[in-house]
Amino acid sequence: MTVWEALAVCAAGLAAGAINAVVGSGSLITFPTLVAVGIDPVVANVSNNIGLVPGSVTGAYGYRVELRGQRDRLVRLGVGSVLGSLIGGILLLYLDPDVFQVVVPVLIGLACVLVLIQPRLNGWLAARRGQPHPHGGAALWLGVFGAGVYGGYFGAAQGVLLIGLIGAFLDDGLQRVNAAKNVLSLLVNATAAVLFLLIAEVDWWAVLAVAVGAMLGGFLGAKIGRRIPAPVLRGVIVTVGLVAIFVLVYG
């Protein structure tokens with residue numbers, strides 16, 4: 001990469017880190033940028049995943065207050081995220097990329113619906129099951145596992161999927177749900193990154209440029225996101241999800 005290309009990738013990493021901390025879908029910015037500067041798409045996807053890990057760390061750290069009391073829940077769900085990410089990373093390297101073209105937009109659309117109806121859905125589920133499960137039960141674990149497979153495979157809008165799932169199955173505030181999403185996304189990205197380091201081709205200059213921007217972006221995004229009222233944040237999440245669907249279908 002030239003100096004100007006590296007700066008463009010770094011700027012994309014900054015935006016992606018901030019967006020990932022608040023919602024998710026930062027890869028929709030960094031991945032096309034890496035491809036635009038001439039990096040092979042598969043190598044760009046792998047390098048992008050590794051580069052965004054530092055941003056996931058700073059984003060999760062920025063939500064540390066909202067993470068209090070969620071340790072047991074995240075340990076359980078984190079196992080699903082890690083296992084799913086391993087499978088998704090392997091699929092990225094060996095599966096035809098066209099396989100997910102139809103499924104992914106449908107999943108993101110469903111997640112947007114879940115985010116929109118979360119308050120009413122929580123009340124309906126609580127009335128039917130009596131006491132909400134503190135960890136979401138087997139259904140949430142399987143959903144998080146599936147989101148991990150998707151995140152390890154590509155990752156764009158995995159945050160929207162996770163917020164929709166966690167918010168639907170847990171009776172908790174949206175900011176705490178977002179904090180949990182940041183940790184699970186970190187586990188997915190870090191697991192896939194380790195796998196890619198072992199068996200995939202990596203462009204280290206691309207990783208460095210994305211990582212520098214994403215670290216700062218994750219920190220700034222967390223500071224901003226924690227101040228957004230729940231109804232506004234819900235609208236932002238759905239808007240990003242719809243943009244992700246449009247980009248994935250028509251981009």
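Note that the structure is a prediction, hence the values are computed from the model and not measured.
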Just by distance, with hydrogens left out, do Q158 and N189 show a side-chain donor and acceptor under 3.5 Å apart?
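Side chains of Q158 and N189: pair found under 3.5 Å.
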Grouping I, L, V, M, F, W and Y whenever their side-chain heavy atoms are under 4.5 Å apart, do [X] and [Y] come out in a common cluster?
{"X": "V37", "Y": "L7", "answer": "no"}
{"X": "V82", "Y": "L67", "answer": "yes"}
{"X": "I19", "Y": "I224", "answer": "no"}
{"X": "L74", "Y": "V53", "answer": "no"}
{"X": "F169", "Y": "V144", "answer": "yes"}

[Y] and [X], any side-chain heavy atoms less than 4.5 Å apart:
{"X": "W204", "Y": "L208", "result": "no"}
{"X": "V22", "Y": "K223", "result": "no"}
{"X": "L170", "Y": "V177", "result": "no"}
{"X": "V202", "Y": "V43", "result": "no"}
{"X": "L184", "Y": "K181", "result": "no"}

Quick one, N20 with N182, criterion side-chain contact (heavy atoms from CB on, under 4.5 Å). Give me CA distance, side-chain angles, the key distance, then yes/no.
CA-CA 8 Å; N20 282 342; N182 283 340; 5.9 Å; no
Which pair of heavy atoms, one from [X] and one from [Y], lies closest together, and at what distance?
{"X": "G62", "Y": "R226", "result": "O-CD, 3.0 Å"}
{"X": "A209", "Y": "V9", "result": "CB-CG1, 3.6 Å"}
{"X": "T191", "Y": "L187", "result": "OG1-O, 2.7 Å"}
{"X": "T33", "Y": "A8", "result": "CG2-O, 4.1 Å"}
{"X": "I29", "Y": "A15", "result": "CD1-CB, 3.9 Å"}
{"X": "A214", "Y": "L52", "result": "CB-CD2, 4.0 Å"}

Strictly distance-based, threshold 3.5 Å: is any side-chain N or O of [X] a donor or acceptor partner for the main-chain N or O of [Y]?
{"X": "S47", "Y": "D203", "value": "yes"}
{"X": "S56", "Y": "L186", "value": "no"}
{"X": "N178", "Y": "I163", "value": "no"}
{"X": "Q175", "Y": "G225", "value": "yes"}
{"X": "R64", "Y": "A60", "value": "no"}
{"X": "T58", "Y": "M215", "value": "yes"}

Nearest 0.5 Å, please: how far is [atom2] in [Y] from [atom1] in [X]?
{"X": "E66", "Y": "R176", "atom1": "CD", "atom2": "CZ", "result": "8.5 Å"}
{"X": "L77", "Y": "L165", "atom1": "CG", "atom2": "CG", "result": "10.0 Å"}
{"X": "Y150", "Y": "S85", "atom1": "OH", "atom2": "OG", "result": "13.0 Å"}
{"X": "L93", "Y": "Y153", "atom1": "CG", "atom2": "OH", "result": "10.0 Å"}
{"X": "N49", "Y": "F31", "atom1": "CG", "atom2": "CZ", "result": "11.5 Å"}
{"X": "I166", "Y": "L140", "atom1": "CD1", "atom2": "CG", "result": "6.5 Å"}

Hey, mind stepping through V183 and Y63 against side-chain contact (heavy atoms from CB on, under 4.5 Å) and telling me if it holds?
CA-CA 9 Å; V183 172; Y63 273 87; over 6 Å; no
Just do the side chain to side chain donor-acceptor pair (under 3.5 Å) check on S27 and N48 with the steps written out, would you?
CA-CA 7 Å; S27 290; N48 176 63; 3.1 Å; yes
Is it the case that atom CZ in F145 sees more than 12 heavy atoms from other parts of the structure closer than 6.0 Å?
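Yes, CZ of F145 has more than 12 neighbouring heavy atoms, counting only those of other groups under 6.0 Å.
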